[in-house]
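Whatever order the structure lists them in is the order used to number ligands and atoms, beginning at 1. In what follows, every heavy atom counts, from backbone to side chain, and hydrogens, waters and symmetry copies are set aside. Remember, it's a predicted structure, so these values are computed and weren't measured experimentally.
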Amino acid sequence: MNIGIDKIGFYAPHYYVDMIKLAEARGIDPDKFTIGIGQDEMALAPVTQDAVTLAANAALQVIDEEDREKIDLVLFGTESGIDHSKSAAVYLHHLLGLNPYARAVELKQACYSATAGIQMAKGHIALNPESKVLVIGADIARYGLATPGESTQGAGAVAMVISKDPKLLALENESTYFTNDIMDFWRPLYSDIAYVDGKFSNEQYIHFFNTVWEKYKEQTGRSLEDFSALCFHVPYTKMGLKALRTILDEATESGSERLKANYETSIQYNRKVGNIYTGSLYLSLLSLLEKNDSLEGGERIGLYSYGSGAVGEFFTGILQPNYQDHLYVHQHEELFHARKEVSIEEYEEIFEETLSADGSSTEFDRTNDPAPVYLSGVEDHKRIYVNRIK
Ligand code: HMG
């Protein structure tokens, strides 16, 4: 039985920052951000968007009545959780109006957890072939104003329906994974910004990639020639390229050109959104699927997932015939088109506006957020969500 990604929805908040203007405001050569880091724009979440609303806005784009009935497992990957106890998956389950006879859980391992969700979903469908699973990667990446990590922030969500006979990508069984306890990036419970050892995180990302790629080749006997494209977790677009470059000497000249060209296609959306942590690899896959004009059903895509702390995994999928007919290209073009650029002053103001730490009641100005689902306020220590289209 083929099991894999049947649908992919994506949402980014409606504000963005131009990276050239950010560099100028910080007294940095803009080429460092656009070439050295490889980012053009950075999505910015207003206080009315959190991991739950971003996820709901991504999922609403793709799920239909049949999905609502058949989804009996919601796996919500995030490192921007809103509660230590109640999972974001339960809020999402309600906002989407899913079948109540479902399991709903939040998963955490930095940027890796949506991949864990996908692998668990595969097992669930192997045992329950008529079921569908909703897997989410939703996050807001925050390092702080004028920090080295600032140019690698972002916000957004990817929602995937995993099922048998998937319309987009059938996942293969072989995959290799690796865990090692390291401190490259973390966010203690008391902090709303990440702590990071930037250079070390870059090295470890590549080290984990090389480790799982070597093991994968050993396990399967496959080589780069078996792949049409490789997609990477994209904390910033230069990072995946650095990892790809470490293995390109294993490819033929034409193979190397193909992988480099497809890498460029796979980062088009990420260049405009920035890091969305758990969803970044899948945003890159979406960019590849929606922006390429040569990949056909039957071709193999490799996926490298990395979550600091750290866990890495290399796994693969086969593109399904006519996958192009099951994408939401037009909606994503609209989404990017409708975004509003904010000045650096506005960005700093929006960045600083956070929920009060003591949980006191608040009501937000909803006119500033056009998203179908938004956070309207906090009451009695409870977040109040509104779904405009329900
Ligand atoms: P930095 O110190 O600001 O930048 O930190 P840099 O000095 O290393 O420069 C960056 C690149 O720009 C370099 O290129 C420079 O040469 C180049 P490289 O040598 O690396 O190829 N550069 C220029 N290029 C053109 N024109 C110029 C120019 N000037 C310099 N004028 C860093 C950069 C990424 C470390 C920082 O932004 C950071 O700490 N970011 C957050 C951490 C991160 O993203 N790590 C990635 C791996 S870990 C990961 O992916 C997991 C994560 O997603 C979290 C999770 O799992 O939840 C982060």
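- In the candidate list Met239, Lys238, Lys108, His233, Lys238 is nearest to atom 21 (O) of ligand 1, counting heavy atoms.
- The aromatic rings of Tyr282 and Phe315 are tilted relative to each other, their planes meeting at an angle between 30° and 60°.
- Of the candidates Val74, Leu134, Asn387, Leu134 is the only one forming a side chain to side chain contact (heavy atoms under 4.5 Å, CB included) with Leu96.
- For the atom pair CZ of Phe33 and OG1 of Thr152, the computed distance is 9.5 Å after rounding to the nearest 0.5 Å.
- No side-chain donor-acceptor contact under 3.5 Å links Thr265 and Asn292.
- Under the 4.0 Å distance rule, the nearest protein heavy atom to atom 32 (C) of ligand 1 falls outside the cut-off.
- The proximity of Asp31 to ligand 1, defined as any non-hydrogen pair under 4.0 Å, involves the side chain as well as the backbone.
- Looking at atom 39 (O) of ligand 1, its nearest protein heavy atom turns out to be Gly198 CA, 3.5 Å.
- Considering only non-hydrogen atoms, atom 47 (C) of ligand 1 lies nearest to Ser201 out of Ser201, Ser113, Gly154.
- Cys111 SG, 2.6 Å is the protein heavy atom nearest to atom 55 (C) of ligand 1.
- Between Trp186 and Tyr195, the ring planes lie parallel to each other; the angle is under 30°, not in the 30° to 60° tilted range.
- Against a heavy-atom cut-off of under 4.0 Å, Pro235 is close to the following atoms of ligand 1: 44 (O), 46 (C), 50 (O), 53 (O).
- Among Glu150, Lys199, Arg245, Gln153, the residue whose heavy atom lies nearest to atom 8 (O) of ligand 1 is Lys199.
- Just one residue in the list Glu41, Lys21, Glu346 forms a side chain to side chain contact (heavy atoms under 4.5 Å, CB included) with Glu341, and that residue is Lys21.
- Between Tyr269 and Phe336, the two ring planes are tilted [angle within 30° to 60°].
- When all heavy atoms of Ser280 and His233 are compared, the closest pair comes out as CB-ND1, 3.5 Å.
- Between Trp213 and Tyr216, the ring planes are parallel. Angles under 30° get that label, and only those over 60° would be called perpendicular.
- Across all non-hydrogen atoms, the minimal contact from Lys132 to Ile125 is CA-CD1, 4.5 Å.
- Close approach of ligand 1 to Gly307 (heavy-atom distance below 4.0 Å) involves ligand atoms 56 (O).
- Of the N or O atoms in Asn275, one or more lie within a sub-3.5 Å distance of an N or O in ligand 1.
- The distance from ligand 1 to the heavy atoms of Thr152 drops below 4.0 Å at these ligand atoms: 37 (O), 40 (N), 41 (C).
- For the pair Tyr143 and ligand 1, a heavy-atom separation below 4.0 Å is found.
- Near Pro148, with a cut-off below 4.0 Å to any heavy atom, the atoms of ligand 1 are 36 (C), 37 (O).
- The backbone N or O of Thr252 sits less than 3.5 Å from a side-chain atom of Glu225, completing a donor-acceptor pair.
- Of the listed options Gly149, Ser151, Ala243, Gly149 places a heavy atom closest to atom 38 (C) of ligand 1.
- Listed by atom number, the atoms of ligand 1 under 4.0 Å from Gly36 heavy atoms are 11 (C), 12 (O), 17 (C), 24 (N).
- When hydrogens are left out, the protein atom nearest atom 42 (C) of ligand 1 is Val196 CG2, 3.5 Å; that is the closest non-hydrogen contact.
- Residue Ala110 places no N or O, backbone or side chain, under 3.5 Å from any N or O of ligand 1.
- Residue contacts with ligand 1: Glu79 is placed with a nitrogen or oxygen under 3.5 Å of a nitrogen or oxygen of the ligand (distance criterion only).
- Remark: minimum distance from atom 9 (O) of ligand 1 to any protein heavy atom is reached at Lys32 CE, 3.6 Å.
- If you look at Phe208 and Tyr112, their ring centroids are not closer than 6.0 Å.
- Scanning the protein heavy atoms around atom 34 (C) of ligand 1, the nearest turns out to be Tyr236 CE2, 3.4 Å.
- There is a protein heavy atom closer than 4.0 angstrom to atom 58 (C) of ligand 1.
- Among all protein heavy atoms, the one lying closest to atom 51 (C) of ligand 1 is Ser308 OG, 3.1 Å.
- Within the 3.5 Å criterion, the main-chain N or O of His207 finds no donor-acceptor partner in the side chain of Asn210.
- In this structure, the protein non-hydrogen atom closest to atom 46 (C) of ligand 1 is Asn202 OD1, 3.3 Å.
- For the ligand labelled ligand 1, residue Lys242 lies inside the 4.0 Å heavy-atom shell.
- The closest donor-acceptor contact from the side chain of Gln109 to the backbone of Gly307 lies under 3.5 Å.
- Close approach of ligand 1 to Phe185 is summarised as follows: ligand atoms under 4.0 Å from at least one heavy atom of the residue are 54 (C), 55 (C), 57 (O), 58 (C).
- Results of the ring pair (Phe, Tyr, Trp, His ring centres under 6.0 Å) test with Phe185 over Tyr306, Tyr277, Tyr205 single out Tyr277 as the only residue that passes.
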